[in-house]
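One structure is given here, and the rest of the page talks about it.
Since the model is a prediction, treat every value here as computed from it, not as a measurement. Letters A, B, ... mirror the listed sequences (proteins, then strands); counts begin at 1.
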Number of protein chains: 2
Amino acid sequence: MRKKKSSKDLIDLLTADISAGVFSPGSWLKQIDLQRRYEASRSETRKALETLCNKRIVRYEPNRGYYVHHADDVSTDEVRDIRIMLETSAAEFMVKQVTDEQIEDLYQLAQRFMDQIREHKITEIYETNIAFHTALLATCGNASLMELVSDLRLRIPPAPASQWSSYARIEQSGKEHFAMVDALAEKDADRLKAIIRAHIDQASTEN
Amino acid sequence: MRKKKSSKDLIDLLTADISAGVFSPGSWLKQIDLQRRYEASRSETRKALETLCNKRIVRYEPNRGYYVHHADDVSTDEVRDIRIMLETSAAEFMVKQVTDEQIEDLYQLAQRFMDQIREHKITEIYETNIAFHTALLATCGNASLMELVSDLRLRIPPAPASQWSSYARIEQSGKEHFAMVDALAEKDADRLKAIIRAHIDQASTEN
DNA sequence: GTGTTCAATATTGGTGCCAATTTCGCAATA
DNA sequence: TATTGCGAAATTGGCACCAATATTGAACAC
C-alpha cells in the first residue's frame, strides 16, 4: 500500500485515461477538472500536464490551456517509421543477447495472446500485446530504448482494443508473434527484422 | 524583436547554459537563483525545469529539487546506440529523397566546418557541426525524427568544444562529413550507413 | 576528540487570491 | 435572418504567503 500518491502516479493515470479514450482527442484538459478528478494539487496537475505535453500526448496554447493532441496522418507515419527504424535495428542486438529463458517467456506471452483472442478477452489482449513487445525489446538490454519506444507508442492515435480492425487481423498479429519468437530462437536477425517491420507497418494501430 | 520572452526561450537558455557548463553535472538548480538569473516567473521556471527533466537533462528529487543530470557510462552507451540505430536507418530515406540543392548545402556546411577548424574558431565549429547533422537528417523529411535526435544529442555528456579530444580527431570528423556527402550524392546507402556509424561511434562526444 | 541531538536555516511544495486573456451569450442593428 | 458589438463568465498565469521537508551548524554528552 502506498501512503501517498506520487506525481508519477498522476501522470500514469492521466496517460491511461487519455489512452482509454476517457478524454478524446481535441478536448480541453481543464486544470480544475483534473485536480478534482485525481484529487491532486494544482502544481501537481500543472506538472503532469507539462510532462504529457513533452511526451506529445497533449498540446498547449498559452492562456488557453492543454488539450488532448490529435495526431495527424503525417506525424503518425513519421512516428511509425521511427518505431520501425528502432525495433528492426534492435533485432541485431536481440539475436546476439537473448537468453533461452527470455525466449521461453516470449513464447508464453505469444501463447497467452492467442488464448485471449479465443476467449475474446478484449482488454487483456491489449495488455498482453504490450507485454510481449516490451519483453521482446527487453532482450536487447537497452533500458533507454525500451523507455523511448514506450513513449513513441503513446504518440500513435489511441488504439483501444475495442475497435481493432478485425478478428482476422488480430489473429494474424498473434501468428506474427510466434514467428518473431522463432526467428529469435534461430538467431535469424534478417527474418526477425522483416517480421517486425511488417508487424508494425500493417498493424500500426494494434501493437 | 520580441516584446516578451516566451517559455521556450527560457528552456533554450537553460539548456544552452547547462550544455556550456555554466551549471555543472550534479549541481542543484535552485528555483530562486534561476528565476533571478533569467528574470522569469516562478511558474515559468518550474515549467522549464519539468521540461528539462523530461528531456533527461536534469533530474528531480521530491522536496529537494532539480539538479543537472550526470549521465553514467551505461546510459551514454545506450543513447549512442539509439542514435546509431536511428541515423543509420535514416540513411535509407536520405538517399531516396535527397535533392541536389540539399547536397550542395551539405557540402557548403562540410566546407565551413573545415575552414573553421583551420581558423581555430572553436565555438563556431561546434555550431556548424550541429548544423551539418541537422541538415543531413532533414534530407529524410521526417520532422519527428529530427526533433528526437536533437533531444538525444543533449542526453550525451556535455561536449564543450573547448575540450575536444584532439586536432587530428576533429579534422577526421571533418573528412567524414565530406565522405557522407559523397555517399549521399552517389545514393550509396550502405556506405553512408557505415560512415555514419563510425562517425557517431568514434566521435560520440563531438557530434 | 568524536559522535549525537536539536534547533535554526534554506528550499521546495501547496493554497488562495487577483490580474490578464479568452470565450460565450445576448442584445442591438442592418 | 445574419452579423456585429459588448459585457459577463470561465480559465489560465502570476504572486505572495504558509506549510512541509531537508540541510546545516552548534551545543552537548561521552
If you compare every side-chain N and O of [X] against the phosphate oxygens of [N] (OP1, OP2), does one of them come in below 4.0 Å?
X: A:Tyr60; N: D:dT11; result: no
X: B:Arg64; N: D:dT21; result: no
X: A:Arg42; N: C:dG16; result: no
X: A:Ser43; N: C:dG14; result: yes
X: A:Gln35; N: C:dT15; result: no

How close or far is atom [atom2] of [N] from atom [atom1] of [X], stated in whole angstroms?
X: B:Asn63; N: C:dT9; atom1: CG; atom2: P; value: 21 Å
X: B:Tyr38; N: D:dG14; atom1: OH; atom2: P; value: 18 Å
X: A:Arg46; N: D:dT11; atom1: CZ; atom2: P; value: 14 Å
X: A:Ile32; N: D:dA9; atom1: CD1; atom2: P; value: 16 Å
X: A:Leu49; N: D:dG13; atom1: CG; atom2: P; value: 10 Å
X: A:Trp28; N: D:dT12; atom1: CH2; atom2: P; value: 9 Å
X: A:Leu34; N: D:dT12; atom1: CG; atom2: P; value: 9 Å
X: B:Lys47; N: D:dC15; atom1: NZ; atom2: C1'; value: 16 Å

Minimum-distance nucleotide (side-chain atoms of B:Gln31 versus C:dT11, C:dT21, C:dG13):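 From the listed options, C:dG13 comes nearest.
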
Could you pick out which residue, A:Glu61 or A:Ser41, lies toward the 5' side of DNA chain C when each is mapped onto its nearest nucleotide? A:Ser41

Hey, what's the ring geometry for B:Phe113 with B:His177, parallel, tilted or perpendicular (30° and 60° as the breaks)? perpendicular

When you check the side-chain N and O atoms of B:Thr45 and B:Gln35, is any donor under 3.5 Å from an acceptor? no

Check: B:Tyr67 ring centroid to B:Phe23 ring centroid under 6.0 Å: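 Judged by ring-centre distance (under 6.0 Å), B:Tyr67 and B:Phe23 do not meet the cut-off.
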
Counting distance only, does the side-chain N/O of B:Gln102 pair as donor-acceptor with the main-chain N or O of B:Thr99 below 3.5 Å?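 Yes.
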
Indicate yes or no: at least one non-hydrogen side-chain atom of A:Glu78 is less than 4.5 angstrom from one of A:Val74.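 A side-chain contact exists here, since the closest heavy-atom pair is under 4.5 Å.
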
